[in-house]
Every structure is written in C-alpha cells, then in structure tokens.
Amino acid sequence: MTRIDGQPIVRAAEMRAAEASVMGVGTTAQALMTRAGQAAAEQVRRLAAGAEVLVLCGPGNNGGDGYVIATTLRQAGLPVRVATSDQPRSETAIAARSGWVGPIETLAAEPAPVVVDALFGIGLTRPLDDAIAAPLARLLRGARLSIAIDLSSGVATDDAHCLNDLPPVDLTLALGAAKPAHVLQPAAARCGTVRVVDIGVSVPDSIRAAARPTLKTPSMSAHKYSRGMVAVVAGSMPGASALAATAAAHAGVGYVLLLGSATDRLPHAIVRRRFSAEALADARIGAVVIGPGLGSGDAAQARLCAALESGRPLIVDGDALRQINSRRFDGRAILTPHAGEFAHLFGEDGGSKLDRALAAARKVDAIVVFKGADTVIAAPDGRAIVHADAPTWLSTAGTGDVLAGIIAARLAAGRDPLDAASEGVWLHAEAARRAGAAFIADDLAHHLPGAIAACL
C-alpha cells in the first residue's frame, strides 16, 4: 500500500487498457482479480486488527474483488460476513463468488466494525438506486472503519462528480493506480485517505499526483543573480504586487525587483524602481510576474503589453488573465487562473477539471495552473500534476498573489516550468499548513523558509 504522492493518475479507460495489456501476455482475468483482491485483503486484515469485517459486493468486477477479499480474510482467520446488492454477472465475478463458502446477506445486514465497500468501482455513470444507496449509507455510518475498494461507490471515476449523497469512507484502496476521482473535488472528499495497491499492472504516467519537491541549497559559488531574478510589475492596487514580490523574496530567489509600486510596506531587500519597458529587458530576469493588482485601463494595458513583449518568461495572474484573450505564449508562460478567471478565458465546458486544464494548456501553449482545493497544473504536451490537499484556509484574499510570487521564484531559479509551478503550489500549501488557522495572505511569506527547509 503506497501513498499517492508522485503516483500516476489514470482514467477508467486507461486502467482497463492497462489491465487488458497484462491479460494479453498470459495473465487471465481471474488471476488478475485474485491478485488484486488478495493484495487489498492484506491491507484490510492489517487495519481490521481482528475486528469483524462486512464486505459489500456488487454485481460487477468490483464485487468480484470483494468476494476474493472476503474469502482471503476468512482463510486468514478473521470473522467475515458478505452482503450483496445483486448476483454477480461477469464471468470473473461469478468465479470469485464460487470461492466464498459462507452465507450471503442482503444490504439490510447489521452493521459491522469494519465495512468494505466493493459494490461499484470505476466506470459508474449514473446514480445508485435508493434501494442500494440508503442501506449503504447506513452501513458506512455504523462502521468504526470504512474502506472502499478502488473507488467509493456513487462517484464518477473521470469527472469526479458525486452521483449520490453518501458518507465519505475512511480509506480507499486504489487498485493499480490512482484515478481522477481520488484527487479531484468533490469526489476526493468522499474517498478519504487514498492508498495505491500494486496489482502488477503498468499504467501511463503523464499525469501524476503531486509529491513533496526535492530542493537544493545554494552552491558555494552562488550569488544573487545566479539564484534567479524576479521582476514584479505593479498596478493600481500595489498591495497585491507587494504580496507577490515578498513571496518571491522568501521563496529562494536571489533578487526581486518591484516595478512601479508606491507602497513602502516592503522588506528593504526588495529593489523598487519606476516602471519602464526597458527595465523588463534586463536579460538577468528569469521571470516576470504580471497581473496581481494590475487593474484595467490604458496604463494597465501598456504595462501588460510591455511584459508580453519583453521576451522574459511570464507568470500571468489576476487582472492580466482577463485581458490576454486567446493569446498563445510559445511555451514561455505560466498562467494561474482561479475558477472564475479560467471560465472567462476558456469557458465552463469540456469535461473534468483535469481535461479542461489540459485543453487550456494546449490552446495557449503555456503551463496552466487551474487553482482550487484541487489544483491541476497542465502542460501543452499532455503532462499534468494534481495537488489534492490544499488547506481550505487558503480561500482568502491575496493568497493567489503570494502563489504567483512563489512560482516566479522557482521558475527564475531555473526549474522546468511544469516543475516550477508544481513546486510553487506545494510550497504555498505547506506554508499555509504552517501558518495554522485563519491566517491572512501577508502571513504566508514568513512560513516559506520553513516549507523550503522541509524539502532540503
């Protein structure tokens, strides 16, 4: 059982294709089900600690996994009961059912200390009937520990929609790989803690769950310019650009230049100058932040145009996102929209948050950081990283400006744009965790050194 950090995320069709490829080289479907069920059963056995286990089995292959789990647990000496919503229908599920020698109850069964949900796995597209959903909810609430096999019943695998209003499980054992519903909201909240169970299947790895970054201390020959230089363009609301500049300064960059700000509430280490297009032409600048507090109007447009034409790598955030239209960036920008900004730029249709972010990245030829409690970072080449556990206290004004500054620091330090964005999102969330409850955006920068130290 493995944490999902850094692990591949695959859609339902990709998982089925991966399983089919294994079965095409000599592994039978029944052998694969047995392998998956036994691997999951070992984790259930360990966590149950001798308590009675009630395994809920559906009619498909997820139910077949459940029968294997129940059989394996009984053979290990645990008290096990099985309840089913329907008779097994697939050949492999029927064969797995034949291995269970105990009685089979209906979903009207009495609760147990440990409940295993093996009713419906990947591929569910419609809500569960109330005759299934209601007793399932009752059994989940009555358990001390609830465990879903592959996916919590009542959620859609790929778009992460909740098809039924059901209690969350404590743990989901993802078979073979994590799925979008494990990391995208609202389904991720229903899945509890997610762990991957190895079933011997190779899956695509272009989309991954985020992992703690590995950072390095500056070398003995480092100086302020070699560590990276960030320029932040201020606008009509200078506090936002000040937040971005302060965050960049605390995120490991060697030199921060704030252009056009009238605020004095800044660390003395941040260099302040009047805005000019010529200032952005400095070849030492590794990233330009444009958008936080930019405002609108002629002055804002002039500064945005200067940033776009500077040839420097860009972090495009805030007000700038509403003024760039459908511009392509030739791979030299990172866009950081929240949901409203994303909808303005790319519309509200297009499938899951993951699919929408990937389509957007291709459209503008840039890294797109689609922010939220589940943040999707997508690249034009089809790679993506999903951050699934941002503290909800980040939902306060100014935190996006802080994130823009952090990402700029990582980009200016020489990181690949996708990695720079992912490191920035991780450090942002870690700083929030260290800040505790009810912080304001101004507090985050002061917790960045501790977040960085945790990655060295």
Side-chain angles (χ1 to χ4, degrees), residues 229-249 253 256-266 270-282 285-330 332-347 360 363-371 396-409 411-412 417 421 424 441-442 445:
M229 179 176 178
V230 169
V232 179
V233 178
S236 60
M237 294 175 283
S241 55
L243 283 170
T246 304
V253 78
V256 177
L257 174 63
L258 182 58
L259 298 173
S261 176
T263 181
D264 291 325
R265 297 182 61 186
L266 282 170
I270 295 174
V271 179
R272 283 163 284 183
R273 294 181 189 163
R274 292 181 181 275
F275 175 82
S276 69
E278 290 73 21
L280 292 175
D282 189 333
I285 296 174
V288 173
V289 180
I290 180 72
L294 182 65
S296 58
D298 292 344
Q301 275 292 321
R303 293 186 178 193
L304 175 58
C305 288
L308 294 174
E309 294 170 4
S310 69
R312 302 293 94 207
L314 301 175
I315 312 299
V316 185
D317 185 53
D319 294 332
L321 290 168
R322 296 190 177 272
Q323 301 175 54
I324 58 173
N325 299 318
S326 298
R327 183 186 181 96
R328 288 179 62 82
F329 289 89
D330 301 322
R332 67 176 186 88
I334 299 173
L335 279 59
T336 58
H338 57 55
E341 293 160 343
F342 188 98
H344 174 81
L345 274 171
F346 306 111
K363 181 177 180 180
V364 297
D365 194 15
I367 301 296
V368 173
V369 181
F370 192 172
K371 297 185 294 193
T396 188
T399 57
D401 307 319
V402 172
L403 176 61
I406 301 171
I407 293 175
L411 185 63
D442 305 61

Sorted by chain and residue number, the salt bridge (Lys or Arg N to Asp or Glu O under 4.0 Å) partners of Arg328 (sequence neighbours excluded) come out as Asp365
Residue set satisfying ring-ring contact (aromatic ring centres under 6.0 Å, His included) with Phe346, at least two apart, ordered chain then number -> Phe342
(message) Using the rule given for side-chain contact (heavy atoms from CB on, under 4.5 Å), can you reason through Ile324 versus Leu335, listing the C-alpha separation, both sets of side-chain angles and the distance that settles it, and then say yes or no?
(response) CA-CA 11 Å; Ile324 58 173; Leu335 279 59; 3.9 Å; yes
Between His344 and Leu321 the two heavy atoms that sit nearest each other are CD2-O, 4.2 Å
- Pair Leu314-Arg332, side-chain contact (heavy atoms from CB on, under 4.5 Å): steps then yes or no: CA-CA 7 Å; Leu314 301 175; Arg332 67 176 186 88; 3.6 Å; yes
Where do Leu257 and Met229 land on the side-chain contact (heavy atoms from CB on, under 4.5 Å) test, with the steps shown first?
CA-CA 8 Å; Leu257 174 63; Met229 179 176 178; 4.0 Å; yes
In short, side-chain hydrogen bond (donor to acceptor under 3.5 Å, both in side chains) pairs touching residues 306-315 with sequence neighbours left out are none
Nearest heavy-atom contact between Gly424 and Ile406 is CA-CG2, 3.7 Å
So side-chain hydrogen bond (donor to acceptor under 3.5 Å, both in side chains) across residues 292-301, not counting sequence neighbours, yields Gln301-Gln323
Please tabulate, for the side chains in residues 233-246, all donor-acceptor contacts under 3.5 angstrom to protein atoms that are two or more places apart in sequence or on a different chain.
unit_1 : atom_1 : unit_2 : atom_2 : d
Ser241 : OG     : Pro238 : O      : 2.9
Thr246 : OG1    : Ala242 : O      : 2.8

Scanning both residues in full, the closest heavy-atom pair of Ala412 with Val253 reads CB-CG2, 4.0 Å
The salt bridge (Lys or Arg N to Asp or Glu O under 4.0 Å) partners of Asp442 (sequence neighbours excluded) come to none
Heavy-atom closest pair (Ala409 atom, Ala248 atom, distance to 0.1 Å) is CB-O, 3.7 Å
key: Residues Glu341 and His338: side-chain donor-acceptor under 3.5 angstrom   = yes
- Item | Candidate pair Leu259 and Leu280, rule side-chain contact (heavy atoms from CB on, under 4.5 Å), full reasoning | CA-CA 9 Å; Leu259 298 173; Leu280 292 175; 3.6 Å; yes
